[in-house]
There are 2 protein chains.
Amino acid sequence: MAQRTSGSSPRPGEARPVARINGAAAHELDPLRAIPEATIARLAVYLRVLSAITEGDTTVVSSDELALAAGVNSAKLRKDLSYLGSYGTRGVGYEVGTLIGQLSGALGLLQDRSVAIVGLGNLGQALSGYAGFASRGFRIAALFDADPARIGTTIRGLTVRDVAELGHYVAVEGISIGLIAVPVTAAQEVCDALVAADVTSILNFAPTVLSAPEGVDIRKVDLAIELQILSYHEHRKSARPPSALVRGRAQAQLGDR
Amino acid sequence: MAQRTSGSSPRPGEARPVARINGAAAHELDPLRAIPEATIARLAVYLRVLSAITEGDTTVVSSDELALAAGVNSAKLRKDLSYLGSYGTRGVGYEVGTLIGQLSGALGLLQDRSVAIVGLGNLGQALSGYAGFASRGFRIAALFDADPARIGTTIRGLTVRDVAELGHYVAVEGISIGLIAVPVTAAQEVCDALVAADVTSILNFAPTVLSAPEGVDIRKVDLAIELQILSYHEHRKSARPPSALVRGRAQAQLGDR
DNA sequence: GCGACTTTGTGCAGGCGTTCACAAGCGGCT
DNA sequence: AGCCGCTTGTGAACGCCTGCACAAAGTCGC
């Protein structure tokens, strides 16, 4: 979340007095503007569900169907999609191919992005082998580690480089996203190195809070915290075994994140 | 998120007419009640930061110090902690040991919890070796897989069992949390098996939406989605290179999740 | 013992996100 | 051609969360 300077303050030059041209909202003209953070995460889910649908011969989906498959409310889904513009047909639904194109465009997936993985312990190696990356246009372009025993080895066709050469390879490969999978003690250091190399998006797997200058996006994946959240709910459940089953949630998946 | 039946409807037996005894709010008497979901995730972060602090010889922290280390606003931190009750001393701060105890209690970490990992591919193996689990009282009690080539092998001292025997071991080991690290195609099936075995908390790493009956908490960790969220921001950044650096965020870490 | 200083705990207002409910719009049937 | 049914797109209300600002409350020094 963070604060995200509320209005994004449109510069005086581009006045934009509630621009609205023949029923098209302003954001349709400028699809890069102001999609709520919570929506972004769901758009990625919709995209995945749609990809699964293309396997069959369905060419049109209604918001109800898609919402069910994505595990969300259909009103929410329509509102989410409306941030991209109006690509549905009333009385019919959404054309799958069109929607996939729009979602991909909005998420910036039409251009391939190169990612680097720093740290090739168990987790880093698992990440390097994760098939889900390539299928969404993410190219693992470089692997880095600080352990001399690992440097020079080949993992899934890529040579592990010395993290000291990070800047060089980031520039050469045009890497814009970095994955940090190193021990806590080295995480901030690696983060600084990535920032220094002009990587502006970081996904951090180390269980620690990183700090970076503004303009750099940091997201974290923290397994221990996920478990502790589950533990909390588990604790509550066991503390009031009877009648306490009034916890509303049919198709869970706890949003947040 | 999900809806979470707002009031949790206190049972008629325990009337509780806005209970407030000498300045202590009701939730202090019943620490299991109503902590906002967003707060829970942060409590786990505070706990980790505090643990790091105990390494030194500091025994007291102020909300400002702790907030800085945790990467949040100090007002938010105080409000978060206030859900646990009043354990700070005005003019001084919070006693580290006490706070750790309270946080651990609230998150249900005082009792050890047994977890099972289903699926021992790259990711599952990495998870089984993750040190951060044990240090927070999570005991990896069983490993399951469906691949005959993996069943019977030993990973970090634990024998991999046939997923068909899941129910048996879950009962014997008292497992309450299950980690799903299997391919998408098997995820729902494994989820159902866990639910059938009375596992009521699930952490899903497979990139798919799972459905489970209410009362079962499901959280997901989806790497591809994390990357797509970063991709979106990366896309926006590159689309308006100049002046667009008004993105407020000094010590990022995008809350949500 | 008292005053000044420090830090907590929280009331309140504002913003963001979710949900409902319905008007607008499109296709198909007669 | 006109009507009917279906589905989208969105205005508006609600609720949760955040952040400010300040009163309450404790400590330290004299």
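Here is how names work: the chains are called A, B, and so on, in the same order as the sequence lines, proteins then strands, and each is numbered from 1.
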note: B/Y46, atom OH; C/dT8, atom P; distance rounded to Å ~ 13 Å

Each nucleotide of nucleotides 23-30 of chain C classed B (base within 4.0 Å of a protein heavy atom), S (only sugar-phosphate) or -, in 5' to 3' order, makes -BBBS---

Taken in chain and number order and not counting sequence neighbours, the residues that satisfy side-chain contact (heavy atoms from CB on, under 4.5 Å) with A/D198 are none

note: A/R78, atom CZ; D/dG11, atom P; distance rounded to Å ~ 14 Å

Rounded to whole Å, CG of B/L66 lies from C1' of C/dT6 at a distance of 17 Å

Between CD1 of A/I40 and C1' of C/dC16 the distance, given in whole Å, is 14 Å

Residue pairs passing the salt bridge (charged side-chain N to carboxylate O under 4.0 Å, His left out) test with at least one member in residues 39-56 of chain A, sequence neighbours excluded, are A/R42-A/D80, A/R48-B/D222

Can you find a donor-acceptor N/O pair under 3.5 angstrom joining the side chain of B/K79 to the base of D/dG19? yes

With sequence neighbours left out, the residues meeting side-chain contact (heavy atoms from CB on, under 4.5 Å) with A/S74 are A/S63, A/D64, A/A67, A/R78

Taken in chain and number order and not counting sequence neighbours, the residues that satisfy side-chain contact (heavy atoms from CB on, under 4.5 Å) with B/E189 are none

When rounded to whole Å, the CG to P distance for the pair B/L84 and C/dT8 reads 14 Å

Across all chains, not counting sequence neighbours, the side-chain contact (heavy atoms from CB on, under 4.5 Å) partners of B/E65 are B/V61, B/S62

note: A/L77, atom CG; D/dT7, atom P; distance rounded to Å ~ 14 Å

From CG of B/D64 across to P of C/dT7 the rounded distance in Å is 7 Å

### Query
Would you say a side-chain N or O of A/N73 is under 4.0 Å from OP1 or OP2 of C/dC20?
yes

Donor-acceptor under 3.5 Å (A/S51 side chain, A/L47 main chain) = yes

Rounded to whole Å, CG of A/D80 lies from P of C/dC16 at a distance of 16 Å

Looking only at C/dG17, D/dT10, C/dT7, the nucleotide nearest the B/S62 side chain is C/dT7

Which of C/dG9, D/dT18, D/dG9 is nearest the side chain of A/Y94? It is D/dG9

Note: A/E226 and B/R219 closest approach over all heavy atoms is OE1-NE, 2.5 Å

